[in-house]
Amino acid sequence: MAGKLMKAVQYNGYGKGPDGLQHVEVPVPIPKKDEVLLKLEAASLNPFDWKVQKGMLWPFLPRKFPHIPASDVAGEVMEVGPGVKNFKAGDKVVAVVNPLNGGGLAEFALTKENLTVPRPSEVSAAKVVGLPIAGLTAHQAITQSAGVKLDGSSKKTNILITAASGGVGHYAVQLAKLGNTHVTATCGARNIELVKSLGADEVLDYKTPDGAALRSPSGRKYDAVIHCATGIPWSTFEPNLSTNGKVIDITPGPSALVTFALKKLTLSKKQLLPLLLIPKGENLQYLVNLVKEGKLKTVIDSNYPLDKAKDAWAKSIDGHATGKIIVEP
């Protein structure tokens, strides 16, 4: 592939939203040690992607401009770099692109072998491409932060999931119900039936008084909250938590970090825990297996071709996607 060009979408600086994206032709990357070159069949957008463009992770990300965004990819192995043992050309895979380097909105992308996992040939790229960031975030929040065992062996846990029809939320509902849990969920009125179909025991319209107050219809106190929305203060969560209840914030802002520190300093039993995703190949493989077994599904909000990536970007920024936004080269 050396010397060949590919179509890609990139931006050259912070800001400008969809208008900052440029359609370009750039050289197909060459896999180095422990890297795999994929011909992409699908990529998936996450709020993280446009937040990086907006400068919200300055000065850490992106590492340099121009930057090709998106970290969720699925496709076919074309070449492998030195040291790659588990993959060969022709293998179908799903993978996490290193967000430091980016590369998902393109025809080809490089991934590390340890964050690339095989997918069964009968499972389409679109059905698994949402798993790397959103699926792994939900998995880490449910299993590590909330301590739920997905084989059902842990004690009964009451869980609240906010923004349960979004990318992380819709996976979190399904994963939580694999454990011994009672799940209360919040979402917009139009998605209540969808969230119930994913397994939620009770669903609140977040615009109603009870929904805004996060009150469980059955009067339960929450042992853990998987907080996938924004703009809800600690004072709203606190009265709804059990004695040792914790709020796991998947997109912690400055106020969440202050609350986290205060709760630690005052030795409060009720805690706010910021979540920093640490992607692991074995967890991604676990999620792919669940999809194959029919125990986990990706709700797809919309599909866009690569040449309509600006529309997909605008849809993600809008913040009301139901499930995942997919881009297909």
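- Using a 4.5 Å cut-off on side-chain heavy atoms (C-beta onward), L160 and H227 make no contact.
- Residue L105 comes nearest to A309 through the heavy atom pair CD1-CB, 4.4 Å, listed as atom of the first residue, atom of the second, then distance.
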Please walk me through it: do E202 and H182 pass side-chain contact (heavy atoms from CB on, under 4.5 Å)?
CA-CA 9 Å; E202 48 190 23; H182 179 280; 3.4 Å; yes
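- Around atom NZ of K310, more than 12 heavy atoms belonging to other residues, nucleotides or ligands sit under 6.0 Å away.
- D201 CG to T184 OG1: the interatomic distance, rounded to the nearest 0.5 Å, is 7.0 Å.
- The closest donor-acceptor contact from the side chain of K280 to the backbone of N114 lies at 3.5 Å or more, if one exists at all.
- Considering CG of L115 and CG of D34, their distance stands at 11.5 Å, rounded to 0.5 Å.
- I192 places a side-chain heavy atom less than 4.5 Å from the side chain of K196.
- Contact annotation: the side chain of R119 never approaches that of V291 to less than 4.5 Å [non-hydrogen atoms, C-beta and beyond].
- To the nearest 0.5 Å, atom CG of residue L175 and atom NE2 of residue H139 are 7.0 Å apart.
- Between the side chain of D301 and the backbone N or O of T322 there is at least one donor-acceptor pair closer than 3.5 Å.
- K270 places none of its side-chain heavy atoms less than 4.5 Å from the side chain of F237.
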Which is it for L198 and V299 under the side-chain contact (heavy atoms from CB on, under 4.5 Å) test, yes or no, and what are the steps along the way?
CA-CA 10 Å; L198 296 175; V299 174; 4.3 Å; yes
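- A donor-acceptor contact under 3.5 angstrom links the side chains of D151 and S153, judged on distance only.
- Grouping the Ile, Leu, Val, Met, Phe, Trp and Tyr side chains by contacts below 4.5 angstrom, directly or via other members, places V173 with L287.
- T186 places no side-chain N or O within donor-acceptor distance of the main-chain N or O of Y206, the cut-off being under 3.5 Å.
- Put simply, V123 and V77 are part of two different groups of oily side chains (I, L, V, M, F, W, Y) that touch within less than 4.5 Å, one to the next.
- Listed for the S71 side chain is no donor-acceptor partner under 3.5 Å among the backbone atoms of P69.
- Side-chain contact between N240 and V225 is absent, with no heavy atoms from C-beta onward closer than 4.5 Å.
- The closest donor-acceptor contact from the side chain of S44 to the backbone of I326 lies at 3.5 Å or more, if one exists at all.
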Evaluate side-chain contact (heavy atoms from CB on, under 4.5 Å) for Y286 paired with L296, printing each intermediate quantity in order.
CA-CA 11 Å; Y286 173 79; L296 182 68; over 6 Å; no
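- Inter-residue side-chain proximity for T181 and K177 is flagged as met; some heavy-atom pair is nearer than 4.5 Å.
- In this model, a donor atom of one side chain and an acceptor atom of the other lie less than 3.5 Å apart for N289 and Q285.
- In terms of modelled atom types and a separation under 3.5 Å, the side chain of K324 and the main chain of L45 share a donor-acceptor contact.
- Judged purely by atom type and a 3.5 angstrom limit, Q53 has no side-chain atom pairing as donor or acceptor with the backbone of D49.
- Contact of the V327 side chain with the W313 side chain is not registered, since no non-hydrogen atoms from C-beta on lie closer than 4.5 Å.
- Nearest heavy-atom pair, V97 versus G102, reported as atom, atom and distance to 0.1 Å: CG1-O, 3.1 Å.
- Here CD of Q140 is found 11.0 Å from CD1 of I250. Values are rounded to the nearest 0.5 Å.
- No single ILVMFWY cluster, assembled from side-chain heavy atoms under 4.5 Å apart, contains both V129 and I133.
- The closest side-chain heavy-atom distance from L37 to I30 is not below 4.5 Å.
- With a 6.0 Å radius and a threshold of 12 heavy atoms from other residues, nucleotides or ligands, K51 has its NZ atom above the threshold.
- Remark: the W50 side chain and the S316 side chain contain an N/O donor-acceptor pair separated by less than 3.5 Å.
- Taking 4.0 Å as the cut-off between side-chain N and carboxylate O, E76 and K92 count as a salt-bridged pair.
- To the nearest 0.5 angstrom, T137 atom OG1 is 10.0 Å from F48 atom CZ.
- Cluster annotation: F108 is not connected to L40 through the hydrophobic network of ILVMFWY side chains, with a link wherever side-chain heavy atoms come within less than 4.5 Å.
- Expressed to the nearest 0.5 Å, how far CD1 of I248 lies from CD1 of I226 amounts to 4.0 Å.
- Nearest heavy atoms, A256 versus D249: CB-OD2, 3.4 Å.
- V73 and L306 fall into different hydrophobic clusters, where Ile, Leu, Val, Met, Phe, Trp and Tyr are joined by side-chain heavy atoms under 4.5 Å apart, directly or via other members.
- The closest donor-acceptor contact from the side chain of T143 to the backbone of V148 lies at 3.5 Å or more, if one exists at all.
- Between A164 and C187, the closest heavy-atom pair is N-CB, 4.5 Å.
- A salt bridge is absent between D318 and K315: the closest approach of a Lys/Arg side-chain nitrogen to an acidic carboxylate oxygen does not fall below 4.0 angstrom.
- Under the 3.5 Å distance criterion, with hydrogens and angles disregarded, no donor-acceptor pair is assigned to the side chains of N180 and S154.
- Here the shortest heavy-atom pairing between P118 and V288 reads O-CG1, 3.9 Å.
- Shown here is K85, whose NZ atom has no more than 12 heavy atoms of other residues, nucleotides or ligands within 6.0 Å.
- Within a 6.0 Å sphere centred on NZ of K297, heavy atoms belonging to other residues, nucleotides or ligands number 12 at most.
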Should K4 and E107 be marked as a side-chain contact (heavy atoms from CB on, under 4.5 Å) after you check the CA-CA gap, both sets of side-chain angles, and the distance that decides it?
CA-CA 11 Å; K4 287 197 171 184; E107 293 180 297; over 6 Å; no
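- Without hydrogens or angle criteria, S216 side chain to S218 main chain gives a donor-acceptor distance under 3.5 Å.
- Looking at every heavy atom in both residues, A224 comes nearest to A146 through CB-CB, 3.8 Å.
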